Amino acid sequence: MSVMTIYHLVAIFLLCMGIFGIAYRRTLVGIVLGIELILNGAGLSIMASAQLTPAPNELGQVGALLVMGIAAAEATLLLAILLVVSRRFKNVEAGKLITMRG
Amino acid sequence: MENLEYERLAWAVLFGHIAIIVVGGFMTVLSQSLGRALVGLIMTLFGVAGLFFLMAAPFIALMQILIYVGAVSVLIFFAIMLTNAWPGGDESGKSPGRKYIYAGLAGLVPAVMLATAVIRTAPPSFLVPEETEISVLGRFFLEDFILPFELISLLLTISMAGAVILAFEMRRKK
């Protein structure tokens, strides 16, 4: 097993934990935490693939930075959506939000 | 002789950070209170930043600490605070026992598939990565990757504007 495989296994662990969190958590905030875990694992995997193989290093670092930027944008939007949902429905439990209105 | 010691140190650092990540990951998804889950997430983020340092990419590691730990976790903290998810903990009630199993399956099945694929097809890799200069990285951003670079700034602007509009829309209706 090479070093890169260890990094990739860590990234896969983060993916596993993220999916588990998304499926298991009941509040929307818990689901957001799971999504952050998955995005972080993606960045780690991209980084390891570029740094530890003959592929150009800059490519992986730029990829990881782009993933971080997307995560920041996503977190902002999710905060706004959570605010609106909690004001309208008075709670943020995923199982209780069964009404859809325009 | 000295090299061997350095290598041993590097392995220790690697597995130490992996331990931090694993503990943080379990804390993130399993802890009852969302505040503790957020602490677990921050722990994981620091662990991943340490792995970036170990991969000879200090700039990205610092960006990880700055963006994730500094910005994203503060945003999530505000989300926990503003949605009143904290007191008593919406996660604290008992959830049906089957949910554990289904959620575990949903996470484990793709993980096992990907892990077997990675272990089988991984190409040989370096033990010691090279460090990239920040100036090279900046030139790469502004020459080869100019379009994604501009697009990400556009995406950030749009998402900030969208967040502000979403939050103000509700207030006007009241």
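Just so you know, these numbers come straight off a predicted model, no measurement behind them. In what follows, chains are A, B, ... by sequence order, proteins preceding strands, each numbered from 1.
- For A:Leu9, the part lying near chain B is the side chain, with the backbone staying farther off; criterion is any non-hydrogen pair under 4.5 Å.
- Within the 4.5 Å cutoff, side-chain heavy atoms of B:Val22 are placed close to those of A:Phe13.
- In this structure, B:Ile60 and A:Met68 have side chains that are in contact, with non-hydrogen atoms separated by less than 4.5 Å.
- At a 4.5 Å heavy-atom cutoff, the contact between B:Leu45 and chain A is made by backbone and side-chain atoms alike.
- Chain B forms the most heavy-atom pairs under 4.5 Å with one residue out of A:Leu37, A:Leu83, A:Asn40, A:Ile70, and that residue is A:Asn40.
- Residue A:Val3 touches chain B through both its backbone and its side chain, counting heavy-atom pairs closer than 4.5 Å.
- For B:Leu108, the parts sitting under 4.5 Å from any heavy atom of chain A are the backbone and the side chain alike.
- Under the ring-ring contact (aromatic ring centres under 6.0 Å, His included) criterion, no residue pair touches residues 59-85 of chain A, with sequence neighbours excluded.
- Interface remark: A:Leu59 contributes backbone and side-chain atoms alike to the contact with chain B (heavy atom separation under 4.5 Å).
- If you measure heavy-atom distances from B:Pro123 to chain A, the contacts under 4.5 Å come from both the backbone and the side chain.
- B:Phe149 is not listed as a side-chain neighbour of A:Leu65, based on a closest heavy-atom distance of 4.5 Å or more.
- When all heavy atoms are compared, the tightest approach of A:Ala72 to B:Ile67 is CB-CG2, 4.2 Å.
- Both the backbone and the side chain of B:Ile21 come within contact range of chain A, with heavy atoms under 4.5 Å apart.
- Using a 4.5 Å cut-off between heavy atoms, A:Pro56 makes no contact with chain B at all.
- Closest non-hydrogen pair, B:Phe126 versus A:Gln51, comes out as CD1-O, 4.0 Å.
- Using a 4.5 Å heavy-atom cutoff, the side chains of A:Phe20 and B:Phe26 are not in contact.
- For chain A, the nearby parts of B:Leu30 are the backbone and the side chain; heavy atoms of each come within less than 4.5 Å.
- Contact count versus chain B (heavy atoms, under 4.5 Å) is highest, among A:Leu79, A:Thr53, A:Val62, A:Thr5, for A:Val62.
- For A:Ala11, no part lies near chain B; criterion is any non-hydrogen pair under 4.5 Å.
- Across A:Leu39, A:Leu82, A:Leu33, the residue that shares the most heavy-atom pairs under 4.5 angstrom with chain B is A:Leu33.
- With contacts defined as side-chain heavy-atom distances shorter than 4.5 Å, the pair A:Glu36/B:Val72 qualifies.
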Output side-chain donor-acceptor pairs under 3.5 Å for residues 128-143 of chain B, partner residues at least two apart or in another chain, one line each.
unit_1, atom_1, unit_2, atom_2, d
B:Thr132, OG1, A:Gln61, NE2, 3.4
B:Glu133, OE1, B:Ser135, OG, 3.4

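- Heavy-atom distances place the side chain of A:Ala64, and not its backbone, under 4.5 Å from chain B.
- No side-chain heavy atom of A:Glu58 sits under 4.5 Å from any side-chain heavy atom of B:Phe145.
- Among A:Leu14, A:Leu66, A:Val85, the residue with the largest count of heavy-atom pairs under 4.5 Å with chain B is A:Leu66.
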